[in-house]
Amino acid sequence: MELPKNYDPAAYEADIYALWEKLDAFKPKGKGEPYAIVMPPPNANANLHIGYELTAALEDIAARYNRLKGKNTLLLPGADHAGFETQVVYEKRLAKEGKSRFDFSREELYSQIWDFVAENRGNFETQMRRMGVSCDWSRFTFTLDEKIINRAYTTFKKLWDEGLIYRGERLVNFCTFHGTAFADIEVVHKLEKGHLWHLDYPLTDGSGHITVATTRPETMLGDTAVAVHPEDERYKKFIGKTVKLPLTKREIPIIADEFVDREFGTGAVKITPAHDPNDFEVGKRHDLPFISVIDHQGKLAGEIPEIYRGFTVEAGRDQIVKDLEEQGIVSKVEDHEHNVGHCYKCNTIIQPLLRDQWFVDMQPLAQPAIKALKADKITFYPDTKRDQLVRYLEGLHDWNISRQIAWGIPIPAFQNIDEPDDWIYDERVSEEFIEVNGKTYRRDPDVFDTWFSSSSWPYATLNYPEQDFKDFYPLALMETGGEILYPWVSRMIMLGLYVTGKVPFEAVYIHGYVMAEDGSKMSKSVGNVVDPLPVIDQYGSDALRMGITAGRSAAVNRGYDVRRVEEARNFCNKLWNIARFIESLKPATEQLKVETAADHWILHKLQQLEQGLSGDLDEYRFSEGYEKLYHFVWDDLADWYLEASKAQPNVPLLRRVLADVLTMTHPYAPFVTETIWQTLEWTGDSLLATSDWPKPLKGDRKQADEFEEIKSIVSESRYLIKVLGASDVTLYYTDVPFLGANAGIIARLAGLQAVKEVRDGDGVYLTHTRYRCWLDIAMSATRQYAETLAEKHQATEKRIASLEGRLANKAYVDQAPKHIVSQTKDQLKEAQAQLVAITE
RNA sequence: GGGUGAUUAGCUCAGUUGGCUAGAGCAUCUCGUUUACACCGAGAGGGUCGGGGGUUCGAGUCCCUCAUCACCCACCA
């Protein structure tokens with residue numbers, strides 16, 4: 001077998017993935033402890049971005065690791081219909097054709113978007129294969145699959161039957177551009193410069209006026225009260241009186257409510273229950289009328305003076321301020337900075353509007369979730385996210401699950417056309433009208449919020465309550481980005497507990513974002529988005545996954561750095577060449593024997609790696625595990641053991657170590673490790689992907705330590721030869737048996753002419769070993785080195801003094817753990833020995 | 001307004017419960033083609049761990065405080 005000098009990922013990756021699929025490598029093996037991850041479904045309509053590459057990489061590392069460890073492993077892929085997101089994209093396309101969603105019925109729009117998504121759906125499946133994701137494609141789930149829709153309906157029905165669903169006219173966050181309501185969490189608050197207008201509302205009895213302060217004067221058309229704090233001495237006398245609202249001349253009461261902040265503005269607030277969440281609450285408490293003056297298109301409407309009708313909110317504000325000023329009502333205008341809610345998609349200012357919507361009563365769902373979280377039923381990485389989630393759940397308001405869009409799961413509810421309060425649950429959502437008990441009902445045109453159906457994702461994908469559910473629920477891990485901790489993770493926990501009685505997953509891992517190279521957010525409009533596919537083309541899939549995983553800890557945002565990808569590409573090439581080298585050696589014997597100090601040392605290192613790496617991956621420390629592997633492969637294996645092997649090869653052991661290290665690297669670099677595995681002549685027909693995690697052989701500790709000593713002798717010899725510009729150097733030593741046994745290895749590694757034992761002699765002494773070794777370089781040729789030695793002498797003396805001081809400290813010796821103290825003693829001994837060596 | 005996290009080498013970041021002389025990659029400098037790899041090898045330089053205070057035998061690690069930055073949440077009209 002002749003392998004090229006450099007690993008070329010593009011030449012192998014597609015074939016390797018096809019091989020895995022052909023041999024069903026990613027199907028759960030049906031035995032062993034279960035380990036399941038259901039992948040967060042990416043938007044079916046969009047290309048996979050670099051953030052999904054990170055998700056895919058982390059989940060795949062976890063899945064492949066646990067599969068190798070012998071667990072019954074399932075990695076389940078899916079795709080999201082991404083209701084609102086996708087409809088927005090589709091509407092943009094319609095706009096280009098000069099059309100809009102209003103040109104079509106709901107059914108037409110739905111089927112058009114279905115086709116639109118279908119066009120793109122194949123893309124990301126190809127992309128996930130290129131990322132090397134070891135998922136079971138036979139279980140692929142789309143969020144509009146029948147089982148997901150049925151699950152959403154069953155859950156809705158359960159909530160309905162148990163009285164946790166209510167329909168109510170509530171204030172919702174309404175985007176007047178998109179024509180739909182949003183959950184609180186979908187509203188983005190931004191600090192904006194505005195004004196605070198002071199308006200003098202005249203008292204009806206003519207005894208003066210009360211001054212209210214507002215940032216939104218146009219809503220005064222819908223005012224139904226003025227509120228003051230009950231304890232406010234300035235206003236006590238006004239409570240119970242009425243004012244005559246300017247412009248509309250309606251008479252409204254002055255009420256007392258504790259929500260009023262006496263310090264803010266004038267201490268008197270106009271109350272507009274139909275257009276402000278606070279005022280809505282006040283309105284309910286005081287039984288005030290709710291007068292809507294803004295419609296769903298963001299225009300002034302309703303019971304208002306004819307001249308204002310049809311104005312946009314902004315234009316209406318200007319006109320009303322102007323009119324109020326003419327009447328002398330505006331007594332003051334201040335600059336004022338305040339937060340304003342915007343649509344997260346189009347940035348339109350969100351209007352709180354009164355709408356009939358479906359709501360879920362959340363506290364009955366949140367309480368069990370809070371309890372489970374506090375009882376540590378779910379491990380969070382990082383830990384802080386759990387408390388963050390608890391705080392969120394404790395303050396959770398009821399959830400508006402109605403969306404006024406076409407692309408989504410229709411809400412299975414019908415309204416009696418004669419009695420508006422008579423609503424029934426029915427799943428015949430393809431009918432607009434149905435007859436029940438001789439009465440006619442009309443379907444609610446709204447669809448569910450995407451998060452409503454995806455809250456059931458962990459058990460719906462597993463066919464609750466059927467077989468996969470029994471095998472794999474709760475999931476081992478939910479891995480996702482921090483932005484959906486609240487909208488998704490929290491809801492999966494609440495509904496998982498509500499429907500199945502169990503938390504949906506044992507652990508949650510939150511990854512940070514992949515930022516642009518300069519640390520800013522990636523965004524299409526800025527144009528700093530990194531597309532993963534060209535990177536894979538250039539460097540290979542393994543390189544991208546390792547490059548993006550390296551140095552990244554849970555929930556920490558980090559810039560994409562192509563140098564990390566290059567480093568990982570080099571790592572793949574290193575593995576490739578290690579394998580090439582080992583493959584070029586022909587074994588003298590097939591028998592596995594552990595002989596030299598180097599053999600024991602590499603086994604010892606390998607064993608440490610296995611333990612360290614398992615520990616890291618069990619705790620989802622992806623980056624630390626990668627670093628351990630990298631250093632073992634590069635420093636220990638390639639730079640030391642392979643180099644030592646050139647003097648004295650132990651081929652059976654080299655093969656064994658290679659097999660073990662390939663297996664352990666496989667989760668991080670599945671393609672290159674499998675490619676190597678398939679090309680090695682002695683690995684048979686097996687797949688690395690479905691092999692067993694290695695059980696490394698044990699190396700003898702004492703001989704391993706001897707090799708450490710050899711390493712430091714070699715390093716120092718290299719250094720001395722280099723700084724002294726010496727050549728043809730011989731290393732002499734007295735009375736160190738293992739140096740004799742390793743003379744050939746040492747000579748080769750250090751580039752020495754020979755390594756010899758002698759009784760006595762003179763030259764440049766090594767200072768990094770406690771043994772008596774010297775190089776046959778005349779001291780006379782080493783004047784500048786003497787200075788270095790002198791400095792070192794000083795430093796060592798200082799260190800000895802410090803160590804002695806520490807040991808002289810009674811408190812230290814008494815209180816510090818024994819092993820630390822004895823460690824200090826050893827250090828002192830070593831330093832003293834070094835000092836002797838330097839002096840010589 | 002509330003909360004969380006960050007601040008360690010020129011750059012990007014590790015540093016698990018306090019305990020070897022604080023690490024890595026990249027970058028820099030010097031040398032090098034010998035049985036894999038120049039996507040390589042050998043060697044070197046570089047940090048008073050944001051400032052100040054405290055607890056401790058011992059602090060990058062724990063506490064207080066200040067500064068700067070980032071993110072999340074929130075109905076002060």
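Just so it is clear: chains get the letters A, B, ... in the order the sequence lines come, proteins before strands, and each one is counted from 1.
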Novice: In whole Å, I'd like the distance from the CG atom of A:Asp276 to the C1' atom of B:rC75.
Specialist: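 My rounded result for the distance is 6 Å.
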Novice: For each nucleotide in nucleotides 24-31 of chain B, reading 5' to 3', give B when a protein heavy atom comes within less than 4.0 Å of its base, S when such contact involves only the sugar-phosphate, and - otherwise.
Specialist: SSS---BB
Novice: So if I take residues 615-624 of chain A and measure heavy-atom distances to RNA chain B, which residues fall below 4.0 Å?
Specialist: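 Going residue by residue through residues 615-624 of chain A, the ones with a heavy atom under 4.0 Å of RNA chain B turn out to be A:Arg621, A:Glu624.
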Novice: Would you kindly give the CZ-to-P distance between A:Arg558 and B:rU12, to the nearest whole Å?
Specialist: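 In whole Å, B:rU12 P and A:Arg558 CZ are 10 Å from each other.
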Novice: If the plane angle is over 60° it's perpendicular, under 30° parallel, otherwise tilted; pick one for A:Tyr668 and A:Tyr626.
Specialist: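 Plane angle between 30° and 60°, so tilted.
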Novice: Describe the nucleic acid contact of A:Ala579 in one word from base, sugar-phosphate, nothing, applying a heavy-atom distance below 4.0 Å.
Specialist: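 Counting heavy atoms under 4.0 Å across all strands, no contact is made by A:Ala579.
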Novice: Between B:rC76 and B:rU4, how many Å separate the two C1' atoms, rounded to a whole number?
Specialist: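 To the nearest whole Å, 23 Å.
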Novice: Who pairs with A:Asp387 by side chain to side chain donor-acceptor pair (under 3.5 Å), at least two apart in sequence or on another chain?
Specialist: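 Once residues adjacent in sequence are excluded, A:Asp387 has no partner under the side chain to side chain donor-acceptor pair (under 3.5 Å) criterion.
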Novice: Determine the Euclidean distance between corresponding P atoms of B:rU68 and B:rG10; express it in Å to zero decimal places.
Specialist: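 One P to the other, the span is 23 Å.
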Novice: With side-chain hydrogen bond (donor to acceptor under 3.5 Å, both in side chains) as the rule and sequence neighbours excluded, what pairs involving residues 555-566 of chain A come up?
Specialist: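 Every side-chain hydrogen bond (donor to acceptor under 3.5 Å, both in side chains) pair that includes a residue of residues 555-566 of chain A, provided the two are not neighbours, is A:Tyr539-A:Glu566, A:Asp561-A:Arg563.
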Novice: Quote, to the nearest angstrom, the P distance that separates B:rG5 from B:rC64.
Specialist: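 Those two atoms are separated by 12 Å.
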Novice: Within the structure shown, what part of the strands sits under 4.0 Å from A:Trp197 by heavy-atom distance: base, sugar-phosphate, or nothing?
Specialist: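 If one applies the 4.0 Å heavy-atom cut-off, A:Trp197 turns out to touch nothing in the nucleic acid.
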Novice: Which comes earlier along RNA chain B counting from the 5' end, the contact point of A:Asn6 or that of A:Lys270, where each point is its nearest nucleotide?
Specialist: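 Closest to the 5' end, via its nearest nucleotide, is A:Asn6.
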Novice: Starting at atom CG of A:Leu171, determine the distance to atom P of B:rA77, rounded to an integer number of angstrom.
Specialist: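 Going from CG in A:Leu171 over to P in B:rA77 covers 16 Å.
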Novice: In Å, rounded to the nearest 0.5 Å, how long is the span from CG of A:Leu680 to CG of A:Leu658?
Specialist: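 The CG atom of A:Leu658 is 5.5 Å from CG of A:Leu680, to the nearest 0.5 Å.
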Novice: Tell me what A:Asn339 touches on the nucleic acid: a base, only sugar-phosphate, or nothing, going by heavy atoms under 4.0 Å.
Specialist: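 Base, at least one base heavy atom under 4.0 Å.
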Novice: Between B:rC66 and B:rU7, how far apart are the two C1' atoms, rounded to whole Å?
Specialist: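 My reading of the C1' atoms in B:rC66 and B:rU7 gives 14 Å.
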Novice: Would you please confirm or rule out a distance under 4.0 Å between OP1 or OP2 of B:rC13 and any side-chain N or O of A:Ser553?
Specialist: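 No.
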Novice: Could you please name the option among B:rC75, B:rA38, B:rA77 that lies closest to any side-chain atom of A:Val269?
Specialist: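 For the A:Val269 side chain, the nearest candidate turns out to be B:rA77.
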Novice: Check this one for me: any side-chain N or O of A:His275 less than 4.0 Å away from OP1 or OP2 of B:rA77?
Specialist: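 For B:rA77, OP1/OP2 do not have a side-chain N/O of A:His275 under 4.0 Å.
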Novice: Applying a 4.0 Å non-hydrogen cut-off, can you work out what A:Gly551 is touching in the nucleic acid: base, sugar-phosphate, or nothing?
Specialist: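 Sugar-phosphate contact only - A:Gly551 comes under 4.0 Å of backbone atoms but never of a base.
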Novice: To the side chain of A:Tyr719, which of B:rC76, B:rA44, B:rA36 is closest?
Specialist: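 For A:Tyr719, the side-chain atoms sit closest to B:rA44.
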Novice: Could you tell me whether the phosphate oxygens of B:rC37, OP1 or OP2, come under 4.0 Å of any side-chain nitrogen or oxygen in A:Lys574?
Specialist: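 Answer is no, no contact under 4.0 Å.
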Novice: Would you call A:Lys193-A:Asp335 a salt bridge at under 4.0 Å N-O?
Specialist: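 No, no charged N to carboxylate O under 4.0 Å.
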Novice: Using the test ring pair (Phe, Tyr, Trp, His ring centres under 6.0 Å), find all partners of A:Tyr509 that sit at least two apart in sequence or belong to another chain.
Specialist: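 Applying ring pair (Phe, Tyr, Trp, His ring centres under 6.0 Å) to A:Tyr509 gives A:Phe622.
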Novice: What residues, two or more places apart in sequence or in another chain, satisfy side chain to side chain donor-acceptor pair (under 3.5 Å) together with A:Glu394?
Specialist: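 Listed in chain order: A:Lys374.
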Novice: What is the nucleic acid contact for A:Thr384, judged by heavy atoms within less than 4.0 Å: base, sugar-phosphate only, or nothing?
Specialist: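 Sugar-phosphate, backbone atoms only, no base.
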Novice: Can you check the A:His229 NE2 to B:rC76 C1' distance for me, whole Å?
Specialist: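 Rounded to whole Å, this separation is 13 Å.
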Novice: So what does A:Arg391 touch, heavy atoms closer than 4.0 Å: a base, only the sugar-phosphate, or nothing?
Specialist: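 A:Arg391: backbone/sugar contact only, no base atoms under 4.0 Å.
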Novice: What is the distance from CG of A:Leu720 to P of B:rA44, rounded to the nearest Å?
Specialist: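 So the CG-P distance, A:Leu720 to B:rA44, works out to 10 Å.
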Novice: Mind calculating the distance between CD (A:Glu583) and P (B:rC37) to the nearest angstrom?
Specialist: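 Between P of B:rC37 and CD of A:Glu583: 15 Å.
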Novice: Compare the minimum distances between each of B:rC39, B:rA77, B:rA36 and the side chain of A:Thr215, then state the nucleotide with the smallest one.
Specialist: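 Closest nucleotide among those given: B:rA77.
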Novice: What distance, rounded to whole Å, do you find between the two C1' atoms, one in B:rC71 and one in B:rG51?
Specialist: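 That atom pair is separated by 24 Å.
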Novice: Looking for any heavy atom pair under 4.0 Å, which part of the strands does A:His336 touch: base, sugar-phosphate only, or nothing?
Specialist: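 Counting heavy atoms under 4.0 Å across all strands, the contact made by A:His336 is with sugar-phosphate only.
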Novice: Heavy atoms only: give me the nearest A:Val226-A:Ala268 pair and the separation to one decimal.
Specialist: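 Closest approach of A:Val226 to A:Ala268: CG1-CB, 4.4 Å.
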Novice: Please enumerate all residues that pass side chain to side chain donor-acceptor pair (under 3.5 Å) together with A:Asp618, with sequence neighbours excluded.
Specialist: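 Partners of A:Asp618 under the side chain to side chain donor-acceptor pair (under 3.5 Å) test: A:Tyr65.
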Novice: Please give, in whole Å, the distance from B:rG2 C1' to A:His189 NE2?
Specialist: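 The answer, rounded to whole Å, is 14 Å.
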Novice: Relative to the ring of A:Tyr7, is the ring of A:Tyr12 parallel (under 30°), tilted (30 to 60°) or perpendicular (over 60°)?
Specialist: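 Parallel.
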Novice: When you match A:His338 and A:Arg718 each to their closest nucleotide on RNA chain B, which lands nearer the 5' end?
Specialist: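 Closer to the 5' end of RNA chain B: A:Arg718.
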Novice: Could you give the distance separating B:rU35 and B:rU21 at their C1' atoms, to the nearest angstrom?
Specialist: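 My reading of the C1' atoms in B:rU21 and B:rU35 gives 38 Å.
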Novice: For RNA chain B, produce a single dot-bracket line, 5' to 3'. Pairs: Watson-Crick or G-U wobble, both distances under 3.5 Å. Symbols: ( ) within strand, [ ] crossing, | other strand, . unpaired.
Specialist: (((((((..((((.....[...)))).(((((.......))))).....(((((..]....))))))))))))....
Novice: Got a sec, which residues hit ring pair (Phe, Tyr, Trp, His ring centres under 6.0 Å) with A:Tyr719, two or more places apart in sequence or on another chain?
Specialist: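 None.
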Novice: When rounded to the nearest 0.5 angstrom, what is the spacing between CD in A:Glu716 and CG in A:Leu766?
Specialist: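 Going from CD on A:Glu716 over to CG on A:Leu766, the span is 4.5 Å.
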Novice: Check the surroundings of atom CD in A:Glu258: do more than 12 heavy atoms from other residues, nucleotides or ligands lie under 6.0 Å from it?
Specialist: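 No, CD of A:Glu258 has 12 or fewer neighbouring heavy atoms, counting only those of other groups under 6.0 Å.
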Novice: Would A:Arg491 count as a cation-pi partner of A:Trp399, with NZ or CZ less than 6.0 Å from the six-membered ring centre and within 45° of the ring normal?
Specialist: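 Yes, A:Arg491 and A:Trp399 form such a contact.
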Novice: If you measure only the distance, is there a donor-acceptor pair under 3.5 Å linking the side chains of A:Lys270 and A:Thr219?
Specialist: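 Present: a donor and an acceptor within the cut-off.
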Novice: Say you pick atom C1' in B:rA70 and the same atom in B:rG50; how far apart are they, in whole Å?
Specialist: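 After rounding to an integer number of Å, I get 15 Å for this pair.
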Novice: What distance, rounded to whole Å, do you find between the two P atoms, one in B:rG23 and one in B:rU16?
Specialist: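 That atom pair is separated by 14 Å.
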Novice: Side chain of A:Arg569: nearest nucleotide among B:rA36, B:rC39, B:rA14?
Specialist: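 For the A:Arg569 side chain, the nearest candidate turns out to be B:rC39.
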Novice: Anything under 3.5 Å between a protein N or O and an N or O of nucleotides 69-72 of chain B, put it in a table, one pair a line.
Specialist:
none

Novice: In whole angstrom, what separates A:Phe571's CZ from B:rC40's C1'?
Specialist: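 Those two atoms, CZ and C1', are 16 Å apart.
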Novice: Could you list the residues that satisfy side chain to side chain donor-acceptor pair (under 3.5 Å) with A:Arg262, not counting sequence neighbours?
Specialist: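 Scan of A:Arg262 (side chain to side chain donor-acceptor pair (under 3.5 Å), adjacent residues dropped) gives none.
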Novice: Which residues satisfy the salt bridge (charged side-chain N to carboxylate O under 4.0 Å, His left out) test with A:Arg718, sequence neighbours excluded?
Specialist: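 A:Arg718 satisfies salt bridge (charged side-chain N to carboxylate O under 4.0 Å, His left out) with no other residue.
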